[in-house]
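Report on the following structure.
Here the structure is a predicted model, which means the values were calculated and not measured.
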Amino acid sequence: MLTTYRPEKYKLMSLNLMELDFFREVYETRSLTATAKHFGVSLSTASRTLKKLRETLDDPLFVRTQPLLIPTPKADGLIEPVKTLLSQTDHFLELKAFRPIEMVRQIRIGAVDNALYCVLRPFIEAFVREAPHASIDFVPLDRPLWDMLENGELDGAICPTVIPMSPNCESLTLFPVTYALCMRKDHPLALQYRAGKPFTRADLANFKKVSLSNASIPAHQIFSLDERNYCGEAWQEVGMTVPYFLAVPAVLSVTDYTCVMPTQTAKILQAEMHGNVEMMVFQLPTKSPTSPDFSGYFTRFVWHKRMNGDPAMEWMRGLLAHYVKTPEPDPIGWLGEVDQTNEYFLPWNSEG
């Protein structure tokens, strides 16, 4: 559909922003000398700019009197549209400092219950305090993670380094995670351990395990956790698979199953469920996180590259880096180095 030809519109469009701003300044000051000073140009340059405005708009625009320039009716009619255009341009170009306290937005983070319960609590406290008008939507990771980031369902996600990175995403490494073997406090192996008697992998194989996984379909798995993550091989038969870390203590309390989970998670569950679920936590031996033989993994925050220029997400990543740190493990007992000859778990620093 053709629009009505408006020559005045195209004349105005032929002027650049500086010339329009010059027109506004002359209109407001009524002085060519003051306008020249404002723009830091000579009076002759200011006169040439005013001449171009007059020729382009086919109007004197300002009539000289003493001591001021008086705008013509056409100048009076142009000033508001010019101010609006310049204001919109200023808004477009303005680089306003991001202030979390002013943010009104929902941020969507993909995470399993372990991340929310054990990893993100200090971050959540800081987020609510510093951005009281914003909200977080924690989304379950029940579909392929990288697709959820790609299509905008998620702004970011907490996931382990055991998941290969997408080339379209970036990550922030948060802290190393070690493994612990968990069982109920009166489990036969726990009683044996506290009596100072070692138990072997063969002993452990007599008991089924709880495996942790967010999905039964391998292609959709964000995490799948059991002793294979620690040693690379299966020692036990699967007795139960659950998607929630919070379910593990209840399962262990009524079975002879054992479970390998992150040490930090195990210790928090042990402490906060004390009295309801008596759980024994053994730190599995591991190399230093800086060692190439480190048998743990790292927790990381991941996001799609399209979010790199988002000031809210940059602030949030800084908040994660500051507040999400490795909790100090304090297990009830420690499993010493495995004796490669008889595969004993050697008691070490046991409380008896």
Side-chain angles (χ1 to χ4, degrees), residues 96-163 165-166 168-177 212-215 220-225 242-248 261-269 271-273 297-327:
K96 183 179 179 180
F98 174 74
R99 299 185 64 200
I101 198 169
E102 297 176 353
M103 179 171 64
V104 180
R105 172 176 173 176
Q106 182 185 67
I107 294 179
R108 296 154 299 177
I109 301 177
V112 298
D113 68 319
N114 173 51
L116 180 58
Y117 186 69
C118 301
V119 176
L120 294 177
R121 287 198 286 185
F123 158 78
I124 292 170
E125 181 183 3
F127 183 97
V128 172
R129 181 179 64 251
E130 296 186 23
H133 305 298
S135 64
I136 305 178
D137 181 11
F138 285 106
V139 181
L141 299 174
D142 53 4
R143 295 184 302 286
L145 170 61
W146 309 120
D147 291 349
M148 296 177 76
L149 291 168
E150 176 78 30
N151 62 28
E153 290 182 67
L154 298 177
D155 296 314
I158 301 292
C159 77
T161 51
V162 295
I163 305 298
M165 276 290 293
S166 164
N168 297 322
C169 295
E170 296 189 14
S171 67
L172 169 69
T173 299
L174 298 174
F175 60 81
V177 177
L212 286 150
S213 180
N214 72 299
H220 293 180
Q221 286 179 349
I222 302 303
F223 72 93
S224 181
L225 181 59
V242 296
Y244 308 115
F245 287 79
L246 286 172
V248 172
M261 70 170 71
T263 305
Q264 298 93 326
T265 303
K267 289 306 301 174
I268 291 175
L269 290 174
E272 298 198 351
M273 295 188 176
Y297 63 89
F298 288 84
T299 294
R300 64 185 172 186
F301 181 73
V302 296
W303 66 93
H304 195 274
K305 289 181 179 178
R306 63 183 170 77
M307 305 298 290
N308 279 342
D310 188 326
M313 293 303 295
E314 290 178 357
W315 166 77
M316 199 186 78
R317 291 195 292 271
L319 210 63
L320 283 166
H322 181 75
Y323 285 100
V324 179
K325 300 175 181 178
T326 310

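- Annotation: the span from I163 atom CD1 to S171 atom OG amounts to 13.0 Å, rounded to 0.5 Å.
- Atom OG of S166 is separated from atom CG of L145 by 9.0 Å, given to the nearest 0.5 angstrom.
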Practice item. Under the side-chain hydrogen bond (donor to acceptor under 3.5 Å, both in side chains) rule, what do E150 and H304 come out as? Steps first, then yes or no, please. Key: CA-CA 6 Å; E150 176 78 30; H304 195 274; 2.9 Å; yes
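- At a threshold of 4.5 Å between non-hydrogen side-chain atoms, the residues P243 and L212 do not count as touching.
- Annotation: side chain of T299 is not in contact with side chain of T161 (no heavy-atom distance under 4.5 Å).
- Residues D137 and I107 are not in side-chain contact: their nearest non-hydrogen atoms beyond the backbone lie 4.5 Å or more apart.
- Side-chain atoms of L319 and V324, non-hydrogen and from C-beta on, never get closer than 4.5 Å to each other.
- To the nearest 0.5 Å, the span separating CD on E130 from CZ on R99 amounts to 12.5 Å.
- Counted within 6.0 Å of CD on E125, heavy atoms from surrounding residues, nucleotides or ligands total 12 or fewer; the atom is thus considered open.
- Using a cutoff of 4.0 Å between basic side-chain nitrogens and carboxylate oxygens, R108 and D155 are scored as salt-bridged.
- Legend: residues meeting side-chain hydrogen bond (donor to acceptor under 3.5 Å, both in side chains) with N151, ordered by chain and number and at least two apart, are E153.
- Nearest heavy atom pair, residue P122 against residue Y323, reads CB-O, 3.6 Å.
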Exercise for review: Kindly determine whether F138 and I124 satisfy side chain to side chain contact (heavy atoms under 4.5 Å, CB included), including the steps that lead there.
Suggested key: CA-CA 11 Å; F138 285 106; I124 292 170; 4.0 Å; yes
**Study point:** I109 and L154: CA distance, side-chain angles, deciding distance, side chain to side chain contact (heavy atoms under 4.5 Å, CB included) verdict
**Key:** CA-CA 6 Å; I109 301 177; L154 298 177; over 6 Å; no
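- Looking at I136 and F123, their side chains come closer than 4.5 Å, going by heavy atoms from C-beta outward.
- When all heavy atoms of G152 and R306 are compared, the pair lying nearest together is CA-NH2, 2.9 Å.
- Closest non-hydrogen pair, F98 versus W315, comes out as CE2-CB, 3.5 Å.
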Check your understanding: Checking side chain to side chain contact (heavy atoms under 4.5 Å, CB included) for the pair V177/T263: CA distance, chi angles, key distance, verdict?
Key -> CA-CA 7 Å; V177 177; T263 305; over 6 Å; no
Exercise for review: Go through F301 and M313 one step at a time and tell me if the side chain to side chain contact (heavy atoms under 4.5 Å, CB included) criterion holds.
Suggested key: CA-CA 11 Å; F301 181 73; M313 293 303 295; 4.0 Å; yes
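- Between R300 and P160 the shortest side-chain heavy-atom distance does not fall below 4.5 Å.
- Nearest heavy-atom pair across R121 and I268 is NH2-CG2, 3.3 Å.
- Taking both residues in full, the closest heavy atoms of M103 and A312 are given as SD-CB, 3.6 Å, listed atom of the first, atom of the second, then distance.
- Ion pairing between a basic and an acidic side chain is recognised when a charged N comes within 4.0 Å of a carboxylate O; D310 and R105 show such pairing.
- Counting heavy atoms from C-beta on, the side chains of W146 and N168 never come closer than 4.5 Å.
- The two atoms that bring L149 and A157 nearest to each other are CD2-N, 4.4 Å, heavy atoms only.
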